[in-house]
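First up is the structure itself, then whatever we jot down about it.
In the text below, chain A, chain B and the rest are named by the order of the sequence lines, each starting its count at 1. Quantities reported herein were computed from a predicted structural model and do not represent experimental measurements.
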Amino acid sequence: MRIATWNVNSVRQRLGHLLDFLKEAEPDALCLQELKCMDADFPRREIEEAGWQVETHGQKTFNGVAIISRSKLEDVRRGLPGDESDEQARYLEGVLPLGTGVVRLASIYLPNGNPPNTEKYPYKLNWMRRLTAHAKELLAHEEPLVLAGDYNVIPEPRDAREPAAWVDDALFLPPTRSAFRGLINLGLTEALRATTDTPGLYTFWDYQAGAWQRNNGIRIDHLLLSPQAADRLAGVSIAKHVRGWDKPSDHVPVLVELRPQ
DNA sequence: ATGGCAGCTTTGAGCTGA
């Protein structure tokens with residue numbers, strides 16, 4: 001089974017790339033972030049006509065997450081629990097029924113948090129606390145679980161081409177990295193680092209200053225696996241070539257392959 | 001040292017992203 005995550009930076013701008021990637025990668029499910037549109041404006045018809053099921057949790061202008069899958073997503077949850085006043089569409093969760101069992105899957109768009117000296121940073125840290133609390137509840141189910149998305153967290157210096165440039169950034173500040181470790185320490189496995197120690201693996205390259213051409217990237221899109229999912233981990237890949245397509249997203253897809261149960 | 005791009009909306013200058 002193949003599960004992918006991709007921050008598309010506007011699903012309407014990226015529809016062509018999205019359909020191409022689905023055809024090329026043939027995932028069982030693809031988590032999307034940064035739809036930048038309301039549910040009514042999501043290009044649902046085009047994706048369904050290509051043979052996919054679609055669940056969305058959209059928002060006007062900003063944020064928005066979705067899960068595209070071959071089989072229909074069940075037990076769908078929209079929004080991260082823990083703050084009824086939070087109106088930002090950053091979390092979508094459901095259960096994928098499979099021939100050999102089920103996998104619970106979440107599409108996550110964790111807040112950026114910049115600039116750190118504003119209310120945006122405590123919002124990010126609080127969101128991470130809520131995610132950790134919710135993940136703890138999900139882990140109690142002792143089932144295959146994949147928490148996939150744009151975490152806006154650079155876990156370690158080796159996950160940035162120029163770590164010194166990020167030391168004062170919300171993506172790399174010590175409280176951010178500490179909160180990410182706290183999430184992992186619940187018992188989750190970060191899929192890519194379970195398979196390789198190679199530096200220079202990135203999932204985001206800024207549009208500015210020739211970041212892509214200079215390979216000045218950061219690794220901020222992650223898939224976290226419960227023990228029951230990690231036991232089945234067969235491989236991880238970063239679809240780096242997608243960043244070279246015409247009019248690309250600034251993020252590329254990340255994929256995990258899980259063995260059958 | 002700085003800004004540089006892209007996408008959104010109040011459709012055009014300002015916000016946001018990372």
Side-chain angles (χ1 to χ4, degrees), chain A residues 5-18 21 31-43 56-66 86-91 107-128 131 148-177 179-180 192 200-222 238-240 242-254:
Chain A
T5 181
W6 188 14
N7 178 324
V8 288
N9 187 18
S10 170
V11 69
R12 289 177 293 180
Q13 290 294 324
R14 227 62 64 199
L15 178 60
H17 286 194
L18 176 55
F21 177 72
C31 298
L32 299 179
Q33 300 88 37
E34 278 212 86
L35 306 180
K36 293 190 170 181
C37 69
M38 296 183 290
D39 290 343
D41 298 320
F42 186 94
T56 62
H57 181 38
Q59 179 182 338
K60 185 180 166 76
T61 312
F62 303 119
N63 309 319
V65 286
D86 183 3
E87 294 180 342
Q88 300 191 26
R90 297 178 173 277
Y91 187 89
S107 181
I108 291 166
Y109 180 42
L110 207 145
N112 173 304
N114 280 308
N117 61 347
T118 67
E119 73 289 344
K120 289 173 185 288
Y121 192 55
Y123 173 72
K124 174 178 191 152
L125 293 179
N126 190 48
W127 206 95
M128 294 181 85
L131 178 61
D150 175 2
Y151 281 77
N152 272 313
V153 174
I154 303 167
E156 298 181 49
R158 62 179 169 172
D159 298 311
R161 174 66 177 263
E162 296 179 22
W166 297 94
V167 292
D168 295 321
D169 193 283
L171 278 61
F172 194 55
L173 281 170
T176 304
R177 296 171 57 196
F180 188 70
L192 185 118
L201 299 174
Y202 310 127
T203 64
F204 169 92
W205 296 260
D206 201 291
Y207 289 121
Q208 304 181 63
W212 167 244
Q213 289 75 12
R214 295 166 42 228
N215 194 28
N216 182 15
I218 50 176
R219 195 175 70 88
I220 55 175
D221 299 271
H222 310 297
I238 299 173
K240 185 175 180 180
V242 171
R243 187 64 175 78
W245 290 354
D246 187 47
K247 295 250 179 193
S249 169
D250 40 9
H251 297 248
V252 297
V254 185

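- Between the CZ atom of A/Arg214 and the C1' atom of B/dG4 there is a distance of 11 Å, rounded to whole Å.
- Taking the six-membered ring for Trp and thresholds of 30 and 60 degrees, A/Phe180 and A/His222 have ring planes inclined between 30 and 60 degrees apart.
- Atoms CG (A/Leu171) and P (B/dA18) sit 7 Å apart, rounded to a whole Å.
- Summarising the geometry, the separation between NE2 on A/His17 and P on B/dG7 is reported as 10 Å, rounded to the nearest angstrom.
- Between B/dT16 and A/Asn9, no contact under 4.0 Å exists linking OP1 or OP2 to a side-chain N or O.
- A close approach under 4.0 Å does occur between a side-chain nitrogen or oxygen of A/His251 and OP1 or OP2 of B/dA18.
- Checking the phosphate oxygens (OP1, OP2) of B/dA18, no side-chain nitrogen or oxygen of A/Asn114 falls inside 4.0 Å.
- The side-chain hydrogen bond (donor to acceptor under 3.5 Å, both in side chains) search around A/Asn126 returns none, not counting sequence neighbours.
- Of all the residues in residues 149-162 of chain A, A/Asp150, A/Asn152 reach under 4.0 Å from DNA chain B with at least one non-hydrogen atom.
- With sequence neighbours excluded, the residues forming a side-chain contact (heavy atoms from CB on, under 4.5 Å) with A/Ala209 are A/Arg214, listed by chain and number.
- Of the candidate nucleotides B/dA18, B/dT16, B/dC5, B/dC5 has the atom nearest to the side chain of A/Tyr207.
- B/dA18 atom C1' lies 14 Å from atom OH of A/Tyr121, rounded to whole Å.
- Nearest to the side chain of A/Arg14, among B/dA18, B/dG7, B/dG17, sits B/dG7.
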When you check every protein heavy atom under 4.0 Å of nucleotides 8-14 of chain B, what one-letter string (B, S, -) results, 5' to 3'?
SSS----
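- Across all strands, A/Asn216 comes closer than 4.0 Å to no nucleic acid atom at all (heavy-atom distances).
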Only distances under 3.5 Å count here; give the side-chain donor-acceptor pairs of residues 34-42 of chain A to other protein atoms, sequence neighbours excluded, each with its distance to 0.1 Å.
unit_1, atom_1, unit_2, atom_2, d
A/Glu34, OE2, A/Asn7, ND2, 3.1
A/Glu34, OE2, A/Tyr109, OH, 3.4
A/Lys36, NZ, A/Asn9, OD1, 2.9
A/Asp39, OD1, A/Thr56, OG1, 2.9
A/Asp39, OD1, A/Gly58, N, 2.6

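- Around atom CD of A/Gln213, more than 12 heavy atoms belonging to other residues, nucleotides or ligands sit under 6.0 Å away.
- Within the 4.0 angstrom heavy-atom criterion, only backbone atoms of the sugar-phosphate kind lie near A/Tyr109; the bases stay farther away.
- Distance A/Arg243 CZ to B/dA18 C1': 12 Å, rounded to the nearest Å.
- Checked against ring pair (Phe, Tyr, Trp, His ring centres under 6.0 Å), A/Trp205 has the following partners two or more places apart in sequence or in another chain: A/Trp212.
- Counting any heavy atom pair closer than 4.0 Å across all strands shown, A/Lys120 reaches sugar-phosphate atoms only and no base atom.
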